[in-house]
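A quick write-up on the structure given underneath.
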2 protein chains.
Amino acid sequence: MEETVDGLTQSECMRDMIPVRDAMDVLNGKWKLPIIVALRFGTKRFREISREIPKISDRMLSKELKDLEMNELIHRKVYDSFPVVVEYSLTEYGKTLNAVIETLRDWGQAHRKRMLER
Amino acid sequence: MEETVDGLTQSECMRDMIPVRDAMDVLNGKWKLPIIVALRFGTKRFREISREIPKISDRMLSKELKDLEMNELIHRKVYDSFPVVVEYSLTEYGKTLNAVIETLRDWGQAHRKRMLER
DNA sequence: TTCCATACTAAACAAAAGGTTAGTGCTTAC
DNA sequence: GTAAGCACTAACCTTTTGTTTAGTATGGAA
């Protein structure tokens, strides 16, 4: 007889950690959250985002925007004017992350408080 | 007049990312989730955990257990027998992570499905 | 003409995270 | 007495992640 927690065996629980990692990877790294927050406040161009996030380098911004786009969290729109104008915005799908971010924020706030109280 | 989303300004949102990072740091790295899962199934000794997590090295297990203990998520109990016996268990506080992990898992599962469907 | 801005990319480097190998001092089993 | 298990730790190496610096082609302003 196999031991279970909430009706799941340990190997089932371990398997469930793969999507947990997936979700964390989507938000991971130093810059993804600030970029997502910036875009919650509207469509923005590369240089605007870079101005709003202190110390981010062009290389990192470019790389993280690509990652977020691959995951369909943001949309990249190119206007074929000269010179090119590129606009970034959160997709509807990207907005579904808000619930996840709020859960993390709430636990994180409680944790921070707990750790400061000794 | 400052633009807001859910009644928060952009700088307030940016500030909220700090506890989000705190929460993510608590779960971050390759090994913390597997360790937490292993301990959901009961109190275990160092060698037992290491046997249940394929490929984890003693160095990493020792380091991650220390991290989790510092964050009060697990408890370390030393029996002063010879040789020493050490037991690790999830704290009640550690169990509060379950809700966070479930939220991440649910979003991650939906995301994985979405990405596989093209 | 010189400077600045835009949206990037390349190359080289530094820092952080993780892995490998080996060893401690103690006990029990063969 | 040799081997294996226990709960670690140290030293060193590799991989991943992020930073720095510089450069592209284009256009507009001073």
Side-chain angles (χ1 to χ4, degrees), chain A residues 14 17-18 20-39 42-71 74-90, chain B residues 14 17-18 20-39 42-71 74-90:
Chain A
M14 287 292 181
M17 293 306 108
I18 296 170
V20 176
R21 281 252 67 82
D22 289 346
M24 292 186 68
D25 288 348
V26 150
L27 296 175
N28 233 340
K30 198 169 171 181
W31 304 110
K32 295 204 187 78
L33 283 165
I35 294 170
I36 290 168
V37 171
L39 293 179
T43 292
K44 287 180 183 155
R45 296 173 62 183
F46 189 93
R47 203 48 55 192
E48 288 180 275
I49 304 170
S50 118
R51 261 186 261 104
E52 283 173 14
I53 302 177
K55 308 215 175 181
I56 193 169
S57 65
D58 284 0
R59 181 191 188 271
M60 277 295 118
L61 180 53
S62 171
K63 185 184 161 295
E64 300 295 52
L65 285 169
K66 252 177 219 160
D67 275 18
L68 293 168
E69 200 198 345
M70 261 188 28
N71 282 315
I74 66 173
H75 180 239
R76 181 174 185 269
K77 185 163 189 187
V78 181
Y79 295 89
D80 57 352
S81 53
F82 287 97
V84 248
V85 167
V86 184
E87 280 183 355
Y88 295 92
S89 54
L90 266 194
Chain B
M14 287 291 181
M17 292 307 106
I18 297 171
V20 177
R21 280 251 67 83
D22 288 347
M24 290 185 69
D25 288 349
V26 151
L27 295 175
N28 233 340
K30 198 168 170 182
W31 305 110
K32 294 203 187 77
L33 284 164
I35 294 170
I36 290 168
V37 171
L39 294 180
T43 293
K44 287 179 183 156
R45 297 173 61 181
F46 189 92
R47 202 47 56 191
E48 287 181 276
I49 304 170
S50 116
R51 260 185 260 106
E52 283 173 14
I53 303 177
K55 306 214 177 184
I56 194 170
S57 64
D58 285 359
R59 179 193 189 270
M60 279 295 120
L61 180 53
S62 170
K63 184 184 163 296
E64 300 296 52
L65 285 169
K66 253 177 218 159
D67 275 18
L68 293 167
E69 200 198 346
M70 261 187 28
N71 282 315
I74 66 173
H75 180 240
R76 181 173 185 269
K77 184 160 190 191
V78 182
Y79 294 88
D80 58 351
S81 52
F82 286 97
V84 247
V85 167
V86 184
E87 279 184 354
Y88 295 91
S89 54
L90 267 194

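We name chains A, B, ... by the order of the sequence lines, and we start the count at 1 in each one. This structure is a prediction, so every number in the text was calculated from the model and none was measured.
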Taking the nucleotide of DNA chain C with the nearest heavy atom to each, does B:K32 or A:V85 sit closer to the 5' end? A:V85

Enumerate the protein-to-nucleotides 10-17 of chain C contacts in which both atoms are nitrogen or oxygen and the separation is below 3.5 Å.
| unit_1 | atom_1 | unit_2 | atom_2 | d |
| --- | --- | --- | --- | --- |
| C:dA11 | N6 | A:R59 | NE | 3.3 |

5'-most contact on DNA chain D (nearest-nucleotide basis), B:L65 vs A:W31, goes to B:L65

Within less than 4.0 Å of OP1 or OP2 of C:dC8, is there a side-chain N or O belonging to A:Y88? yes

N/O donor to acceptor pairs below 3.5 angstrom from side-chain atoms of residues 80-87 of chain B, sequence neighbours left out:
| unit_1 | atom_1 | unit_2 | atom_2 | d |
| --- | --- | --- | --- | --- |
| B:S81 | OG | B:P83 | O | 3.2 |
| B:E87 | OE1 | B:Y79 | OH | 3.2 |

In residues 45-57 of chain B, which residues come under 4.0 Å of DNA chain D by heavy atom? B:R45, B:F46, B:R47, B:R51

List in chain and number order the residues that pass salt bridge (Lys or Arg N to Asp or Glu O under 4.0 Å) with A:K44, two or more places apart in sequence or in another chain; answer none if no residue qualifies. A:E52

Drop me the distance from A:N28's CG to A:R21's CZ, to the nearest 0.5 angstrom. 7.0 Å

Residues forming a side-chain hydrogen bond (donor to acceptor under 3.5 Å, both in side chains) with A:R51, sequence neighbours excluded: none

Are B:S62 and D:dC8 close enough that a side-chain N or O sits under 4.0 Å from OP1 or OP2? no

Not counting sequence neighbours, which residues clear salt bridge (Lys or Arg N to Asp or Glu O under 4.0 Å) with A:R47? List them please. A:D58

Nearest whole Å is fine: how far is D:dT19 C1' from A:L61 CG? 14 Å

Quick check for you: to the nearest 0.5 Å, what is the distance between A:I35 atom CD1 and A:L61 atom CG? 5.0 Å

